[in-house]
Student: 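Can you keep this structure in mind? I'll have questions shortly.
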Amino acid sequence: MEQRFTGKIAIVTGAGQGIGKGIALRLAREGASVVVAEYNPDTAAATAAEIEVLGQQALAYPIDISDTGAVIQMATDVVTKFGHIDILVNNAGVGQTKPMMELTEEDWDRVVNVNQRGFFFLLQTVAAQMIKQAPETLQTQAPSDIMSIKKTSQDSSDNDSLATSYGKIVNLSSVSGRRGRPLATHYAATKAAVISITQSAALALAPYRINVNAICPGVVPTPMWEKIDAARGQLFGAKPGEAIAAFIQTVPLKRAATPADIAGAAAFFCSSDADYITGQALNVDGGFEMN
């Protein structure tokens with residue numbers, strides 16, 4: 001496999017299983033050293049061990065991303081060990097299947113604290129480090145709006161500098177962020193927020209040549225989807241596997257995604273092939289959503 005990320009340091013959150021693990025392994029196969037940022041220390045260690053088998057450096061880092069202090073400490077520890085951060089894949093998240101009218105404050109806060117609040121402050125913390133790594137000429141330019149960004153680009157004669165990316169951030173949203181979900185209102189709201197924050201961050205970080213994009217997966221058989229299947233089974237009296245099967249029947253390509261499908265899109269966004277792409281949210285869902 002092409003070694004597009006040799007010398008790059010990547011943080012992948014929620015990398016102990018499912019989509020996050022698939023992305024962490026893909027980046028490692030292409031040469032990246034990977035920080036496996038994961039709530040469960042056992043699965044974090046297991047993914048890190050698989051990365052090391054591939055011949056790449058890995059750091060298992062157990063963390064709850066809703067703890068802002070822990071997030072700041074992680075960024076410090078990663079820079080201390082590796083010297084820099086080049087890639088952030090903001091994947092960690094939690095979900096819950098529950099009718100809207102039954103949601104409690106505790107339900108809402110648990111999902112929002114991880115998927116929206118924790119997600120944002122992790123992005124902000126890592127972006128601050130990426131800005132430090134950009135050339136000083138860019139660090140002194142901090143346009144506050146899109147018109148200022150355009151003017152800065154037009155005034156610069158250094159096309160090579162403009163074409164260089166100094167950081168890649170990939171945020172995991174969901175097709176649930178594209179429209180409402182009455183059985184996952186709070187989850188859908190946070191995933192819509194991920195798309196919005198991606199756009200805002202892309203504008204805020206463009207002056208520093210940091211690219212920010214999002215991926216919206218559809219049905220991916222992971223431990224989270226196993227919980228969705230079980231919860232829907234309890235609500236509707238369905239047998240194990242029937243809820244996922246019903247979703248798959250609505251997918252034009254008539255199959256579920258694999259973690260490798262999502263990892264391919266993430267690797268593209270992290271690569272130099274995507275240096276001129278920012279602020280986008282890409283559906284990787286077999287055609288379930290088309291916008």
Side-chain angles (χ1 to χ4, degrees), residues 5 8-15 20 23 27 32-35 37 59 61 63-93 113-146 148-149 152-153 161-173 190-191 193-215 266 269-272 274-282:
F5 306 121
K8 301 293 186 182
I9 307 302
I11 297 175
V12 183
T13 66
I23 293 171
L27 296 179
S33 298
V34 183
V35 179
L59 173 63
Y61 203 103
I63 188 172
D64 175 358
I65 68 161
S66 67
D67 181 343
T68 306
V71 164
I72 294 171
Q73 186 62 54
M74 178 178 69
T76 300
D77 292 343
V78 171
V79 173
T80 298
K81 180 175 177 60
F82 295 107
H84 51 99
I85 302 171
D86 305 293
I87 294 168
L88 168 65
V89 180
N90 217 343
N91 166 74
N113 282 345
V114 175
N115 295 6
Q116 186 171 330
R117 182 180 177 278
F119 151 83
F120 170 74
F121 285 107
L122 174 60
L123 183 156
Q124 184 189 62
T125 299
V126 173
Q129 173 60 32
M130 289 178 172
I131 290 171
K132 291 179 184 178
Q133 296 165 187
E136 290 185 9
T137 53
L138 292 180
Q139 292 181 32
T140 59
Q141 300 172 9
S144 59
D145 58 56
I146 189 64
S148 297
I149 293 171
T152 300
S153 298
S161 175
L162 289 175
T164 301
S165 174
Y166 296 102
K168 302 289 179 130
I169 297 174
V170 180
N171 301 319
L172 270 291
S173 179
T190 62
K191 292 305 182 179
V194 167
I195 295 171
S196 177
I197 293 169
T198 295
Q199 295 168 348
S200 296
L203 290 171
L205 299 176
Y208 310 105
R209 311 293 175 250
I210 297 169
N211 303 72
V212 188
N213 292 290
I215 297 171
F269 276 140
C270 292
S271 76
S272 59
D275 280 355
Y276 198 58
I277 302 173
T278 198
Q280 305 305 308
L282 175 67

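All values reported here derive from a predicted model rather than from experimental measurement.
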Student: Set out, in order, the CA-CA distance, both residues' side-chain angles and the distance that settles side-chain contact (heavy atoms from CB on, under 4.5 Å) for S33 and F5, then state yes or no.
Tutor: CA-CA 8 Å; S33 298; F5 306 121; over 6 Å; no
Student: Less than 4.5 Å apart, side chain to side chain, heavy atoms only: is that true for V71 and F121?
Tutor: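 Not touching, per the 4.5 Å side-chain cut-off.
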Student: Taking side chain as C-beta onward, heavy atoms only, is N115 less than 4.5 Å from V194?
Tutor: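 They are not in side-chain contact.
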Student: Measure the spacing between CD1 of I85 and CD1 of I9 and express it to the nearest 0.5 Å.
Tutor: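 Separation between the atoms: 9.0 Å.
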Student: With heavy-atom distances below 4.5 Å as the criterion, would you say the side chains of T76 and Q73 are in contact?
Tutor: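 A side-chain contact under 4.5 Å exists here.
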Student: For the side chain of Q280 and the backbone of T278, is there at least one donor-acceptor N/O pair under 3.5 Å apart?
Tutor: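 Side chain of Q280 to backbone of T278, a donor-acceptor pair under 3.5 Å: yes, one is there.
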Student: How far apart are the closest heavy atoms of K168 and F269, and which atoms are they?
Tutor: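 Looking at all heavy atoms of both residues, the closest pair is CD-O, 3.5 Å.
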Student: Roughly how far, to the nearest 0.5 Å, is the CD atom of Q133 from the CG atom of D86?
Tutor: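 Answer for the CG-CD pair, D86 versus Q133, is 6.0 Å.
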Student: Applying side-chain contact (heavy atoms from CB on, under 4.5 Å), run through N91 and V170 and close with a yes or a no.
Tutor: CA-CA 8 Å; N91 166 74; V170 180; over 6 Å; no
Student: Of all heavy-atom pairs between V12 and G20, which one has the smallest distance, and what is that distance?
Tutor: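 Heavy atoms only, the tightest pair is CG1-O, 3.5 Å.
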Student: Would T13 and L122 satisfy side-chain contact (heavy atoms from CB on, under 4.5 Å), going step by step from the backbone distance to the final call?
Tutor: CA-CA 10 Å; T13 66; L122 174 60; 3.3 Å; yes
Student: Restricting to non-hydrogen atoms, name the atom on N211 and the atom on Y276 that form the minimum distance, rounded to 0.1 Å.
Tutor: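 Minimum heavy-atom separation between N211 and Y276: ND2-N, 4.3 Å.
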Student: Looking only at non-hydrogen atoms, find the nearest pair between A37 and I11 and report the distance.
Tutor: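 Nearest heavy atoms, A37 then I11: CB-CG2, 4.2 Å.
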Student: Mind checking whether I23 and L172 have side chains closer than 4.5 Å, heavy atoms only?
Tutor: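 The answer is yes, as the side chains (C-beta and beyond) meet within the 4.5 Å cut-off.
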Student: Between CZ of F120 and OG1 of T125, what distance do you get to the nearest 0.5 Å?
Tutor: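 Here the interatomic distance stands at 9.0 Å.
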Student: Mind checking the OG-CD1 spacing from S173 to I215? Nearest 0.5 Å is all I need.
Tutor: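 That separation rounds to 10.0 Å.
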Student: Using only atom types and a distance under 3.5 Å, with no angle test, would you say the side chain of N213 pairs donor to acceptor with the backbone of I277?
Tutor: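 Judged by distance alone, yes, a pair lies under 3.5 Å.
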Student: Can you find a heavy atom in the side chain of Q199 that is under 4.5 Å from one in the side chain of L203?
Tutor: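 They are not in side-chain contact.
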Student: Using side-chain contact (heavy atoms from CB on, under 4.5 Å), reason through T190 and F119 one step at a time and then give a plain yes or no.
Tutor: CA-CA 10 Å; T190 62; F119 151 83; over 6 Å; no
Student: Between V89 and L27, is there a side-chain heavy-atom distance shorter than 4.5 Å?
Tutor: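 Answer yes - side chains close enough.
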Student: Looking only at heavy atoms, what is the nearest atom pair of Y208 and Y166, with distance?
Tutor: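 Nearest heavy atoms, Y208 then Y166: O-CD1, 3.6 Å.
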Student: Could you tell me whether the side chain of M130 reaches within less than 4.5 Å of the side chain of I169, counting heavy atoms only?
Tutor: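 With C-beta onward as the side chain, the pair touches.
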Student: Could you pull out the closest heavy-atom pair between P207 and A204, with the gap in Å?
Tutor: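 Shortest heavy-atom contact: CD-O, 3.4 Å.
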Student: Within the side chain of R209, is there an N or O that forms a donor-acceptor pair under 3.5 Å with the backbone of A206?
Tutor: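 Yes: the side chain of R209 pairs with the backbone of A206.
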Student: Out of curiosity, N171 CG to L88 CG, how far, rounded to the nearest 0.5 Å?
Tutor: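 One finds 7.0 Å between CG of N171 and CG of L88.
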